[in-house]
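Quick notes on the structure that follows.
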Amino acid sequence: MDPVSRSKAILECLKEAPLFQNVSDNSLKRLASVSSLKQVDKGTILYSEGEDAHQLYIVMYGNITEYVSGPNELEMIVKDRKTHDYFGEIAIITDCPQPVTAIASQNSRLVSIPKNEFLAVLRNEPSLSVYIIKILSQRLLLSAKHQIAFLYLDASSKLAYLLLSLEADSKGSGVVESTQEHLAQRCGLSRQTVARILGEWNKADMIKTSRGKIEAINKKALKHIISISNFDRDIDTALLFQRD
């Protein structure tokens with residue numbers, strides 16, 4: 001791709017990203033001129049937990065998974081970043097090492113924005129700061145809700161909770177694109193446990209499973225599973241399935 005076409009493609013991606021929805025055209029053009037496109041294959045690690053931050057990334061297409069490492073080499077997925085999502089901002093803003101590891105779970109194309117250039121725009125565009133503060137606040141609240149939920153839910157309820165969260169994240173499409181291994185990493189269960197529960201739900205017509213996809217999700221049935229668990233019934237479960 002020639003430099004002019006590349007800059008144009010980057011600018012179009014920045015304009016589509018919610019992060020920059022209220023940023024001035026001049027600032028976006030400046031970012032587009034200093035940013036680059038990065039093509040990454042599935043399995044590519046963008047950065048690892050504990051590394052210094054050098055770039056902010058915008059997903060042009062594909063999927064980037066963020067995860068954290070726990071005891072006994074346990075890896076817990078915390079978020080999937082999809083088209084027009086951004087990631088890497090926490091370490092840049094706090095000037096601390098990366099809190100998570102980011103890996104391409106699909107072949108992806110990213111817009112890579114240099115740290116200093118992003119910080120310069122952040123200082124000059126109040127709307128950008130307000131947006132980031134708002135999103136971080138929402139993520140903090142959701143994280144607290146997720147922690148409470150996973151603390152009290154049993155295995156089946158954890159998986160039900162996760163599927164409802166992911167389904168809501170896909171704008172209520174009734175479909176969750178995820179492997180059993182991916183689901184297991186998201187809710188801290190073994191792959192065998194996830195496979196067993198999904199098999200039972202499939203036979204009960206609560207879901208329909210296919211390779212890398214779960215369809216025809218019966219949300220009412222899954223919410224009922226959560227409601228009869230040890231979960232605190234004083235918490236409004238509808239609030240737990242909001243997108244961050």
Side-chain angles (χ1 to χ4, degrees), residues 18 40 42-43 59-68 74-87 100-108 135 138-139 141-229 231 235-244:
V40 293
K42 180 180 179 180
V59 182
M60 184 173 284
Y61 65 77
N63 194 94
I64 305 297
T65 297
E66 295 177 311
Y67 67 87
V68 294
L74 174 68
E75 293 178 348
M76 188 78 170
I77 294 174
V78 294
K79 187 64 182 176
D80 287 312
R81 304 298 176 189
K82 302 178 181 180
T83 301
H84 298 141
D85 285 342
Y86 63 95
F87 62 98
V100 300
T101 294
I103 185 172
S105 46
Q106 298 177 3
N107 293 338
S108 305
I135 296 300
Q138 291 175 351
R139 289 178 183 171
L141 290 173
L142 277 176
S143 177
K145 292 172 183 176
H146 292 345
Q147 289 179 12
I148 293 172
F150 282 118
L151 180 64
Y152 290 102
L153 296 177
D154 57 23
S156 294
S157 299
K158 283 181 180 179
L159 187 55
Y161 171 84
L162 177 61
L163 287 181
L164 289 169
S165 298
L166 293 176
E167 194 274 340
D169 202 36
S170 64
K171 299 180 180 179
S173 65
V175 177
V176 170
E177 295 186 9
S178 182
T179 64
Q180 292 179 2
E181 182 177 4
H182 192 84
L183 291 173
Q185 287 181 308
R186 288 293 294 262
C187 56
L189 300 173
S190 69
R191 185 182 180 280
Q192 291 80 4
T193 298
V194 169
R196 174 182 59 80
I197 296 172
L198 291 179
E200 292 172 355
W201 291 351
N202 192 50
K203 290 180 181 179
D205 293 327
M206 295 167 58
I207 59 171
K208 181 180 180 182
T209 58
S210 58
R211 187 176 180 83
K213 186 181 295 185
I214 300 171
E215 304 173 281
I217 296 173
N218 186 330
K219 292 186 285 187
K220 183 177 180 180
L222 294 187
K223 287 182 179 180
H224 178 67
I225 289 175
I226 297 174
S227 71
I228 62 176
S229 71
F231 187 59
I235 296 177
D236 184 359
T237 55
L239 296 177
L240 297 172
F241 313 120
Q242 297 176 354
R243 177 179 167 81
D244 69 2

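Atoms considered below: every heavy atom in the structure, side chains included; atoms not considered: hydrogens, waters and symmetry mates. Because the structure is predicted, anything quoted here is derived from the model rather than measured.
To the nearest 0.5 Å, atoms CD1 (Ile225) and CD1 (Ile197) are separated by 8.5 Å. Annotation: the span from Arg81 atom CZ to Ser108 atom OG amounts to 13.5 Å, rounded to 0.5 Å. Separation of atoms CG (Leu164) and CG (Leu166) is listed at 9.0 Å; rounding is to 0.5 Å. For the atom pair NZ (Lys42) and OG1 (Thr65), the distance works out to 10.0 Å, reported to the nearest 0.5 Å. Atom OG of Ser165 and atom CG of Leu162 lie 6.0 Å apart (nearest 0.5 Å).
Tyr161 approaches Leu153 most closely through the heavy-atom pair CB-CD1, 3.8 Å. Counting all heavy atoms, side chain and backbone alike, Lys158 lies closest to Cys187 at CD-O, 3.9 Å. Closest of all the heavy-atom pairs between Val40 and Ala104 is CG2-CB, 3.9 Å.
Among residue pairs with one or both ends in residues 189-204, those qualifying as side chain to side chain donor-acceptor pair (under 3.5 Å) are Ser190-Thr193, Arg196-Glu200; sequence neighbours excluded.
Taking Ala221 as the reference, Met206, Asn218 meet the side chain to side chain contact (heavy atoms under 4.5 Å, CB included) condition, with sequence neighbours excluded. Evaluation of the side chain to side chain donor-acceptor pair (under 3.5 Å) rule for Ser156 yields no partner, not counting sequence neighbours. Scored by the side chain to side chain donor-acceptor pair (under 3.5 Å) test, Gln106 finds no partners at all (sequence neighbours excluded).
Judged purely by atom type and a 3.5 angstrom limit, Ser105 uses its side chain to pair as donor or acceptor with the backbone of Asn63.
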For residues 174-183, which side-chain donor-acceptor pairs fall under 3.5 Å, sequence neighbours excluded?
| from | atom 1 | to | atom 2 | distance (Å) |
| --- | --- | --- | --- | --- |
| Thr179 | OG1 | His182 | N | 3.0 |
| His182 | NE2 | Asp80 | OD2 | 3.1 |

Item to check | Test log, rule side-chain contact (heavy atoms from CB on, under 4.5 Å), inputs Val59 and Phe87 | outcome: CA-CA 8 Å; Val59 182; Phe87 62 98; 3.9 Å; yes
Next on the checklist: With side-chain contact (heavy atoms from CB on, under 4.5 Å) as the criterion, how do Ile103 and Tyr67 come out once you've worked through the C-alpha distance, each side chain's angles and the decisive distance to 0.1 Å?
Outcome noted: CA-CA 8 Å; Ile103 185 172; Tyr67 67 87; 3.9 Å; yes
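Taking 4.5 Å as the limit, some side-chain heavy atom of Leu163 sits within range of a side-chain heavy atom of Leu198. Looking only at side-chain heavy atoms (C-beta outward), Ile135 and Tyr86 come within less than 4.5 Å of each other.
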